[in-house]
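Beneath this line is the structure, given in structure tokens, with notes to follow.
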Amino acid sequence: MLQLQAIRDKKDEITLALKKRNFEGESLLTNILELDENRRNTQTKLDTTLAESNKLSKQIGLLFKTGKADQAKELKEKTVALKEASKILAQKLADTAEELKALLYQIPNVPHNSVASGTSEEDNEEIFKEGEIPVLSSKAMPHWELAKKFDIIDFELGVKIAGAGFPVFKGKGARLQRALIAYFLDKNTEAGYTEMQVPHLVNEASGFGTGQLPDKEGQMYHVGEDDLYLIPTAEVPVTNLFRDNLLSEKELPICYTAYTPCFRREAGSYGAHVRGLNRLHQFDKVEIVRVEHPENSYNALNSMVEHIKNILRELKLPYRILRLCGGDLGFTAALTYDFEVFSTGQDRWLEISSVSNFETYQANRLKLRYKDENGKSQLAHTLNGSALALPRVLAAILENYQTEDGIRIPDVLVPYCGFDHISL
RNA sequence: GGAGAAAUGGCAGAGUGGUCGAAUGCGGCAGUCUUGAAAACUGUUGAGGGUCACACCUCCGGGGGUUCGAAUCCCUCUUUCUCCGCCA
């Protein structure tokens with residue numbers, strides 16, 4: 001959520017920047033400022049009432065002690081009216097604050113300067129491209145056919161025990177997946193990220209902390225009986241580790257990596273473009289999360305991008321990087337780079353990583369702060385990215401590495417797999 | 001699942017109705033001493049709101065109540081610990 005102070009200071013600037021998302025914030029922001037004014041006025045009134053009441057209470061105490069019960073009784077009566085008044089004011093304050101918060105939740109993050117306006121993914125800018133797109137034989141197949149041919153992923157079996165979008169990985173397919181997870185975690189650890197294992201279910205407060213709630217309520221699986229949510233990404237539990245934290249400046253930056261399965265309802269998705277591994281209800285992902293000093297967060301974002309580039313180079317997969325336009329930018333992000341690999345069997349680009357800087361937007365909800373050199377509390381910046389999402393990387397490997405009689409395993413993965421090809 | 005105990009600042013831990021935003025210790029920060037460091041000593045050190053700055057207000061696990069006044073009493077929820085049961 002945006003900081004009130006920022007809205008007070010530069011409302012016009014924010015309004016303008018939000019237009020890049022096609023978000024008309026003018027009236028909402030005006031509304032917020034009015035409510036804020038309102039809130040502060042009520043607060044002041046309540047404070048003076050309480051101050052008066054506190055003062056009288058002290059006097060009453062003294063009077064009782066000195067045996068002047070009559071006078072105390074007189075003062076007591078005075079406090080009754082104050083009590084009434086403070087009760088009403090406190091209620092009004094709470095209502096106003098809640099209303100204010102509800103409005104603040106509706107405003108997405110302010111896009112970074114470099115973000116272009118745009119309405120859909122069509123308007124994303126390609127900023128980098130690297131790697132050879134392999135030329136395959138005419139018999140080349142999409143990964144779902146390869147998976148069937150070599151019996152490494154069984155989609156029907158998953159339907160039987162859970163439903164569509166819950167594949168079962170078999171034999172070398174399962175092993176390859178595990179190899180990728182281990183390889184990603186090792187790469188991330190090498191790059192200075194601390195490996196974490198976190199719960200796969202989170203409470204409501206965590207959902208709010210990173211912004212999945214209330215915005216994307218319908219996209220998460222909810223366990224009603226215990227009021228817990230299945231995580232849609234490791235970002236949620238890992239970032240929420242820092243909820244309500246006041247760090248010291250020298251603890252920054254904090255770099256974590258975590259492997260988790262991710263659960264997404266994907267309500268409303270259908271059609272050929274979600275075939276095979278392209279879009280799933282449950283998939284594996286290795287995530288990197290950073291908590292950064294505001295001055296360093298864009299350097300950090302760049303280094304995350306470089307890190308992911310390195311991994312894709314090692315895997316020898318052709319990829320490109322897009323800078324998301326305003327219209328495609330996630331609700332909480334200020335700047336996002338998407339990585340896409342080219343999946344030759346389908347002849348299309350697949351998103352395999354999304355790297356974002358949230359600046360203070362998440363930190364403000366999380367109350368994640370650090371103490372600066374003057375001892376003042378400041379909101380930290382949070383960032384995260386996939387390094388990497390498994391299914392589409394797997395899809396791209398299967399498709400790009402297919403040969404006449406099998407599938408080669410990328411060199412870097414051979415030690416993790418224990419085999420160098422998949423064949424009949 | 002049953003029985004009992006507990007939850008206080010970064011941590012440990014006192015405080016059982018007013019003088020308590022809270023003793024003390026550790027840790028942190030600044031300084032003295034030292035070639036430097038350690039030790040020792042001195043000072044300082046919770047968060048949020050509000051204000052130009054003060055004043056002032058709120059916060060002792062969450063919520064509610066009693067009272068002129070609550071960290072302290074009552075209700076409730078959550079969590080933790082101990083014992084018993086069950087169990088990967």
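We name chains A, B, ... by the order of the sequence lines, and we start the count at 1 in each one.
- With both pairing distances under 3.5 Å, B:rU51 is matched to nothing as a Watson-Crick or G-U wobble pair.
- Contact of the A:Y337 side chain with the A:I127 side chain is registered, since non-hydrogen atoms from C-beta on lie closer than 4.5 Å.
- Residue contacts for A:L56: at a heavy-atom cut-off of 4.0 Å it reaches no nucleic acid atom on any strand shown.
- When the nucleotides B:rC68, B:rG49, B:rG50 are ranked by their closest atom to the side chain of A:R8, B:rG50 comes out on top.
- Judged by closest nucleotide on RNA chain B, A:R39 is the one of A:R39 and A:K76 placed further toward the 5' end.
- Across all strands shown, A:K250 has heavy atoms under 4.0 Å from sugar-phosphate atoms exclusively, and none from any base.
- When both distances must be under 3.5 Å, the Watson-Crick or G-U wobble mate of B:rC60 does not exist.
- Both distances falling under 3.5 Å, in either a Watson-Crick or a G-U wobble arrangement, place B:rG1 opposite B:rC84.
- Under 4.0 angstrom from either OP1 or OP2 of B:rG48 there lies at least one side-chain N or O belonging to A:S377.
- When the side-chain nitrogen and oxygen atoms of A:K83 are compared with OP1 and OP2 of B:rG65, none of them lie within a distance under 4.0 Å.
- As judged by a 4.0 angstrom heavy-atom cut-off over every strand, A:S57 is placed among the base-contacting residues.
- The nearest whole Å value for the distance from the CD atom in A:Q5 to the P atom in B:rG48 is 14 Å.
- When both distances must be under 3.5 Å, the Watson-Crick or G-U wobble mate of B:rG21 does not exist.
- Pairing for B:rU44 goes to B:rG28, judged as Watson-Crick or G-U wobble with the two contacts each under 3.5 Å.
- Across all strands shown, B:rA39 forms no Watson-Crick or G-U wobble pair with both distances under 3.5 Å.
- Relative ring orientation between A:Y183 and A:Y416 is described as perpendicular, the plane-to-plane angle rising above 60° on a 0-90° scale split at 30° and 60°.
- Nucleotide B:rA71: unpaired (no Watson-Crick or G-U wobble partner with both distances less than 3.5 Å).
- Among the atoms of the strands shown, only primed sugar atoms or phosphate atoms (P, OP1, OP2) are found under 4.0 Å from some heavy atom of A:L246.
- Under the Watson-Crick and G-U wobble criteria, each requiring two contacts below 3.5 Å, nucleotide B:rA6 is paired to B:rU79.
- Nucleic acid contact for A:K371: sugar-phosphate only, since backbone atoms but no base atoms lie under 4.0 Å from a heavy atom of the residue.
- Note: A:H293 and A:Y370 have tilted aromatic rings, judged against thresholds of 30 and 60 degrees for the angle between ring planes.
- B:rG25 and B:rU44: their P atoms are spaced 13 Å apart (whole Å).
- In this model, a donor atom of one side chain and an acceptor atom of the other lie less than 3.5 Å apart for A:R243 and A:S206.
- In this model, the phosphate group of B:rC57 is approached by a side-chain N or O of A:N54 to a distance below 4.0 Å at OP1 or OP2.
- For A:N245 and B:rG10, the shortest distance from a side-chain N or O to OP1 or OP2 is not below 4.0 Å.
- Comparing A:K58 and A:R369 against RNA chain B, the residue whose closest nucleotide sits nearer the 5' end is A:K58.
- Among B:rC56, B:rC68, B:rG50, the nucleotide with an atom closest to any side-chain atom of A:I60 is B:rC68.
- Between A:K92 and A:D95 there is no salt bridge, since no side-chain nitrogen of the basic residue lies less than 4.0 Å from a carboxylate oxygen of the acidic one.
- A:H281 and A:Y221 have perpendicular rings, their planes meeting at more than 60° on a 0 to 90° scale where under 30° would count as parallel.
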